[in-house]
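Here is the naming used below: chain letters follow the sequence lines, and residue numbers restart at 1 for every chain.
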Amino acid sequence: MQDTFYIEEGIVLRTHTSPVQVRTMERVRPPIRILSPGRVYRPDSDVSHTPMFHQVEGLMVDRGITFGDLKGVLTYFVHEIFSPGVALKFRPSFFPFTEPSAEVDIQCVICGGGGCRVCSFTGWLESLGSGMVDPAVFLNVGYDPEEMTGFAFGLGIERIAMLKYGINDIRSFSRMMAGFYESQFEVASGLCRYRLRPRDLAERLTMAGLEVDAIEEAGASFEGVVTAGSFPCCPIPNRKNSTCVR
Amino acid sequence: MLPHPESEKLHLCEVSDGERTYPSSAAPPIPGQATPWPSLVWVPSSPEAMSIKSTRLRGQPSEGMLCSEDELGIGDDASGILILPPSTPLGVDLKDVLALRDTVLDIGVTPNRADCLSIVGVAREIAALTGKSLRLPATEVLENDEDIQGLTSVTIEDPDLCPRYTARLIKGVTIGPSPAWMRQRLEAVGLRSINNMVDVTNFVMMELGQPLHAFDFRFLDEGRIVVRRSRQGERFVSLDEKERILKDNTLMICDGVKPVAIGGIMGGLNSEVKEDTTTILLESAYFQPASIRRSARWMNMATDASFRFERGIDPEGVIRALNRAARLMIELGGGSSCRGLIDAYPAKIATCQNIPLRASRVNAILGTQIEPAEMVRILRGLEMIVVPEGDDEWRVSPPTFRVDGDP
């Protein structure tokens, strides 16, 4: 699901902080409540991606931990770091080491859900990945999955900061710029233009785990093109000097 | 149309969309003929429409443009104006005529849901979400009197890499361009139209999720298929005209003498469908995912076909796709299928069966209080077979297209 930064055959730089879960569980017996910030690496570089950035991993393992606990912790976090009452959406997704897995969207903090350029006019921003730890992971670290359950989540620090402080270029974090802290987001005004059925269908598919990335109209390049017929004109007596045909 | 006073190639004409008449100039569809063409494609000048402006073309007023396929971007034919069937009504938006009133959803399918890499796969999900019933495409095939068993055969020498290979023989086809509805659907998902037969294989792959391949039967030595590993040093030229030197680890589709395709990845130049092809051997097979992934990485190839085989296709959908494609090929190219099909299925493909599931455990992990009856209803709505086992437990068998289970 992400590209990996290979140094050479057999050596990679980690793409996420999830490996910390395994290393912790191998050294420590449950209950576990950890947060682990760290550097991660992916070969992307543009206005919203840098090859090296920072994630925070969270892991909670104990008897009786449920998906409800995961939702509670993440909801509390989002309300504390953004504002109380920001809506969250838990969307079914897939990570190889959690089941069920969810991606968490928050109500766009720029437009409040009305739609703007930052949230691609959807009203929602992707913010976290999470899920219940897959029992196979527990077996591999010697925990009994019948006794222990747990959840894990990961978030990108730069992304959260960009949303919270209105920074629109991730590369700003590694550049010293005068006036950096006074930078402003542009807010595109206007309501979302929701078409009825394709949007509804896209929403339902996304909430079922098939995330709709884009909706396009087929034949967009044919706006205004119509069928027509051509008919013979009257013959023109003097071809060379003709100025009209009727 | 009348000859243009200022230009040899252009003619003057009047164009009518049923309401207004416009003067224009154009190169006539059939050079030299000044007869009326009642059904053309016309772009009246307006800011939105393809940036056509009202202008004077060589001294004569021109209010719009009659277009060729190439100018519209719906085909490669640039030789003349696109002519529609004579019965086409005038003044109708082109999008309706070409059935282009459609919306394309771009879906990010997670790696575990390979069953959704097709129209029917997504339609199945929508049916489960909305409670509507799923309508599968028609698969009845027009067959002739010749028994396929007497005409060709399939031998699988390496069943671990290819556990199932099915084929039909379709005779009497005529190769030509695909109809507009098929071209539009292919282009909407980013595929180029090649010819009617090749397009059918791509179309059914997108429709049902099963990659297919069409061979020109006359280029298959001994008229039969052998499925085997490549040999060290064997050379092969794939459809993209690249010569590849193989090792001994790639599953190849061969005829009685030579390799004719890299199984599950790409066909060969030596057996591709040509303009004068009349008999097609149609392949629909299951390839072992790890083998396809290894071979594709090693040869640095990635195709829509290999993408699907790597993630696992539905072992029980192989024949449905074969029949669907045969039906469409006959519909578009004429001809008929020889009677019967070949189904070489030496090794049963393992699928997930009888997964133990406890209602109490579901609620404990999720922190919910879902009624067991509701769980059963949801599972059965997803085509899972649910068999009670004791008080709290079921054995659940997912349908074979759910390749995200681990057998």
Side-chain angles (χ1 to χ4, degrees), chain A residues 1 64-72 92-96 99-101 132 135-136 146 149 195 197-198 201-202 204-236 238-246, chain B residues 1-3 5 12-17 23 26 34-44 46 48-50 60 66-67 72-73 84 88-95 97-98 100-113 116 122 125-126 129-130 184 188 364-368:
Chain A
M1 286 172 80
I65 299 287
T66 71
F67 197 88
D69 296 316
L70 170 62
K71 286 179 90 169
S93 184
F94 174 74
F95 302 107
E99 189 64 48
S101 314
M132 299 303 287
E146 286 293 307
T149 51
R195 258 183 315 272
R197 290 184 56 208
L201 184 58
R204 298 201 72 168
L205 282 172
T206 300
M207 288 312 291
L210 297 173
E211 187 183 355
V212 178
D213 295 325
I215 303 176
E216 291 144 26
E217 279 294 295
S221 58
F222 300 146
E223 271 318 311
V225 179
V226 294
T227 56
S230 97
F231 300 95
C233 315
C234 319
I236 300 167
N238 188 347
R239 261 180 64 180
K240 284 247 186 289
N241 298 327
S242 67
T243 52
C244 80
V245 279
R246 187 72 194 107
Chain B
M1 288 192 164
L2 285 182
L12 291 176
C13 57
E14 279 197 328
V15 178
S16 164
D17 65 2
T35 47
W37 287 278
S39 294
L40 308 170
V41 177
W42 167 253
V43 186
S46 62
E48 306 90 41
M50 289 171 60
Q60 297 297 329
L66 295 164
C67 298
L72 288 168
L84 300 168
T88 313
L90 297 184
V92 172
D93 201 303
L94 184 63
K95 287 196 273 191
V97 170
L98 296 181
L100 278 179
R101 291 250 176 247
D102 207 349
T103 313
V104 177
L105 301 179
D106 200 339
I107 302 180
V109 179
T110 49
N112 59 327
R113 294 305 303 274
C116 291
V122 177
E125 286 292 296
I126 296 173
L129 284 172
T130 58
Q184 299 324 316
I365 293 178
L366 295 180
T368 50

| Does any non-hydrogen side-chain atom of B:Thr110 lie less than 4.5 Å from one of A:Pro92? | no
| task | Against chain B, label A:Leu70 side chain, backbone, both or neither, depending on which of its atoms sit under 4.5 Å from a heavy atom there. | result | neither
| task | Using atom types as modelled and distance alone, determine if a side-chain donor or acceptor of A:Arg204 lies under 3.5 Å from a backbone N or O of B:Leu129. | result | yes
| said: Please find the pair of heavy atoms, one from A:Met132 and one from B:Ile365, that lie closest to each other, and give the distance. | reply: CE-O, 3.6 Å
| task | For chain A, find which of B:Val122, B:Thr368, B:Ile126 contributes the most heavy-atom pairs closer than 4.5 angstrom. | result | B:Ile126
| field | Over all atoms of both residues, closest heavy-atom pair of B:Leu366 and A:Phe67 | value | O-CB, 3.4 Å
| query | Where is the tightest heavy-atom contact between B:Ile107 and A:Asp213, given as atom of each residue plus distance? | reply | C-OD2, 4.1 Å
| said: Ignoring hydrogens, what is the shortest heavy-atom contact between B:Ala364 and A:Thr66? Give both atom names and the distance. | reply: O-CG2, 3.0 Å
| request: May I ask you to name which of A:Leu205, A:Asp69, A:Thr149 has the most heavy-atom pairs under 4.5 Å with chain B? | output: A:Leu205
| query | What heavy-atom pair brings B:Leu105 and A:Ala202 nearest, and what distance separates the two atoms? | reply | CD2-CB, 4.3 Å
